[in-house]
Trainee: 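My questions will all concern the structure given below.
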Amino acid sequence: MSVTFMGYVRPDGQVGCRNHVAVIPSVTCAGDVASAIVRQVAGTVGYFHHQGCCQLPPDLDRVTETLISLGCSPNVGAALIVSLGCEGTDTDRVYESIRATGKPAAVFRIQELGGVSAAIKAGIDAAQELVMEISGLTREPVDISRAVMSIKCGASDTTSGMASNCVIGYVADKLVDLGAAVIFGETTEFLGGEHLLARRAVTPEVGQQIYDIVNRMEARARSLGCDMRKGQPTPGNIEGGLSSIEEKSLGAIVKSGTRPIQGVLDYPERIGDRKGLWIKDTPGREPEILTGMAATGAQFMMFSTGRGAPQGFPTMPVLKVCGNPDTYERMKHDMDLNAGRIITGQASIEEIGEEAFAAILALLSGRQTKNETLGYHSSIDIYTMGPVI
Amino acid sequence: MEQAIALQVNDLDNVATIFAKGVCDGQVVTLKDKAGHTRPLTVIGDVPYGHKVAVDDIPAGGSIRKYGEQIGVASRAIRRGEYVHVHNLDSMRGRGDLPEQEGTS
């Protein structure tokens, strides 16, 4: 029997589970105008990042490519690019690349329009038109193999590796077996478990790539000459019982399931039509990894937590799976699924895994997550490599 | 009162995780392995929910294992039953404060 969900099929063939107009400041300096537009026009969401100028060329290129990928996300029906006019990002390339997917897009420059108030007026008018243009799009049934799931754990404790991450691992395996794509990241949280991941790589080259990204991340962490504990694991992780990055990592990688790893994606890279399990090279911090995963083209994220992480993302619904039974009770308005029942012995990983799979199908067809209903979705920023200069 | 459980997730592990509140120094908990076999373990030190205890004696510098893998080394000798955390477990990764580090690849 085929498994389907109701999605928005985009002109480029990607399938979305939401239908937003994304307002994209091409540089942090255009953020206030973008924010005014989003406040006024229903149906819009903003990517309020803090990059785009006074950075070295590789980072500027990275920001440009990430903004393109975010605009190309299948959950974005149309995009409005807000430029200041003198930024380091390539605003024309952002606009043209998003337009090339066939979805409606518009761009304007604050300096050209005569300042903030004029730009807000023009932006509201343009956003309104885009919302009206895509608001009539309807969902249609599509096979589950069109799903692209991203996964992450945050605010972890020792229940994460024994309950909620196991549930995500179960769902990841199931989706891969159904022909869908699954992406995991948090390269920092491979430290101590990278040999287990490299063993699952489809080729020795992919295995080496896994070691390379881990070594690069570790070198970055070591460059300040200190023990990285408190940075990773965080004080909250330590209070939750995680004693080292190795312990955190070994619990974290459980969520990638057991299937072969097809390759490593660069931070701004889109998954396109590729299937199976992939790694995206990202840090563990929420704004940067959520942004990287949305840029991949993930329609949604399954997010495991023990201590209670409430974050969402503007265009990518985030489904929270809580491994700690006490946290779930305390934060049930933020947590979508209770995997704490595994810790208390009331349910098996498979039982909660099947419950999670049903929740995913509902989410993909339009059911909102807790953080969507609360509008808790400003966890966004672009992971850059060099200094701000 | 039901005895608290200390869960050993892999047979190679020398620590187990306690998912019970308020386990105190001297308390006897039930050590449970992956196959469900149980034996008593006397806890040394107060152990918060979700934290670990040693299943065996671990010498200073000895490997500490969970999930069947090394999660750090003992910064001092640890006795069977003793609370294991950042005070007696050293991470070996991301240590910019240590002079040289073995590559893993």
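Small disclaimer: the values here were computed from a predicted structure and weren't measured. Heavy-atom basis, side chains included; hydrogens, waters and symmetry copies ignored. Chain A is the first sequence line, chain B the second, and so forth, proteins listed ahead of strands; every chain is numbered from 1.
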Trainee: Tabulate, in ascending numerical order, the residues of residues 276-290 of chain A having at least one heavy atom closer than 4.5 Å to a heavy atom of chain B, or enter 'none'.
Mentor: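 From residues 276-290 of chain A, none sit under 4.5 Å of chain B.
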
Trainee: Does any non-hydrogen side-chain atom of Glu69(B) lie less than 4.5 Å from one of Glu246(A)?
Mentor: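 No; the side chains remain at least 4.5 Å from each other.
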
Trainee: Determine the minimum heavy-atom distance between Glu239(A) and His51(B), stating which atoms define it.
Mentor: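 Scanning both residues completely, I find the closest heavy atoms to be O-NE2, 2.7 Å.
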
Trainee: Would Leu196(A) and Tyr67(B) count as a side chain to side chain contact (heavy atoms under 4.5 Å, CB included) if you check the C-alpha gap in whole Å, the side-chain angles of each, and the deciding distance to 0.1 Å?
Mentor: CA-CA 11 Å; Leu196(A) 304 174; Tyr67(B) 302 108; over 6 Å; no

Trainee: Grab the two heavy atoms, one from Gly50(B) and one from Thr158(A), that are nearest each other, plus how far apart they are.
Mentor: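 Gly50(B) and Thr158(A) have their closest heavy atoms at O-OG1, 2.5 Å.
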
Trainee: Under a 4.5 Å heavy-atom cutoff, which of Ala221(A), Gly193(A), Gly251(A), Ala198(A) has the most pairs with chain B?
Mentor: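 Answer, by heavy-atom pair count under 4.5 Å with chain B: Gly251(A).
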
Trainee: Counting heavy-atom pairs under 4.5 Å with chain B, which one of His195(A), Glu247(A), Met217(A), Met228(A) comes out on top?
Mentor: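 Most pairs with chain B among the choices: Glu247(A).
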
Trainee: Heavy-atom distances under 4.5 Å only: say whether Val84(B) touches chain A with side chain, backbone, both or neither.
Mentor: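 Interface part for Val84(B): backbone (N, CA, C, O).
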
Trainee: Of the listed residues (Ser244(A), Cys226(A), Ser249(A)), which shares the most heavy-atom pairs with chain B below a 4.5 Å separation?
Mentor: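 Answer, by heavy-atom pair count under 4.5 Å with chain B: Cys226(A).
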
Trainee: Can you name the closest pair of heavy atoms from Leu191(A) and Gly94(B) and give their distance?
Mentor: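 Closest approach of Leu191(A) to Gly94(B): CD2-N, 4.1 Å.
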
Trainee: Say you draw a straight line from CZ of Arg222(A) to CG of Leu98(B); how long is it, rounded to the nearest 0.5 Å?
Mentor: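 Interatomic distance, Arg222(A) CZ to Leu98(B) CG, rounded to 0.5 Å: 7.0 Å.
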
Trainee: Distance check, rounded to the nearest 0.5 Å: Gln232(A) atom CD versus Ser91(B) atom OG?
Mentor: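 Rounded to the nearest 0.5 Å, the CD-OG separation comes out at 11.0 Å.
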
Trainee: Which of residues 322-339 of chain A get closer than 4.5 angstrom to chain B, counting heavy atoms alone?
Mentor: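 Near chain B, by residue number: Asn324(A), Pro325(A), Asp326(A).
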
Trainee: Does this structure show an ion pair linking Arg229(A) with Asp97(B), if we count only N-O contacts that are shorter than 4.0 Å?
Mentor: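 Looking at Arg229(A) and Asp97(B), the cut-off is not met.
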
Trainee: Check each atom of Lys66(B) against the heavy atoms of chain A and say whether the ones under 4.5 Å are side chain, backbone, both or neither.
Mentor: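 Both backbone and side chain of Lys66(B) come within 4.5 Å of chain A.
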
Trainee: Ser243(A) and side chain to side chain contact (heavy atoms under 4.5 Å, CB included): which single residue from Leu89(B), Val15(B), Asp90(B) fits?
Mentor: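 Passing option: Leu89(B).
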
Trainee: With a 4.5 angstrom heavy-atom cut-off, is it the side chain or the backbone of Val9(B) that approaches chain A, or both, or neither?
Mentor: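 When you check distances to chain A, only side chain atoms of Val9(B) fall under 4.5 Å.
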
Trainee: Please give me the minimum heavy-atom distance between Met162(A) and Phe19(B), naming the atom from each residue.
Mentor: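 Smallest heavy-atom distance, with atoms named: SD-CE1, 3.5 Å.
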
Trainee: Check Glu194(A) with Arg93(B), please: is the shortest side-chain N to carboxylate O separation under 4.0 Å?
Mentor: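 Looking at Arg93(B) and Glu194(A), the cut-off is met.
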
Trainee: Among Ile238(A), Asp157(A), Thr188(A), which has the most heavy-atom pairs under 4.5 Å with chain B?
Mentor: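 The option with the most such pairs is Ile238(A).
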
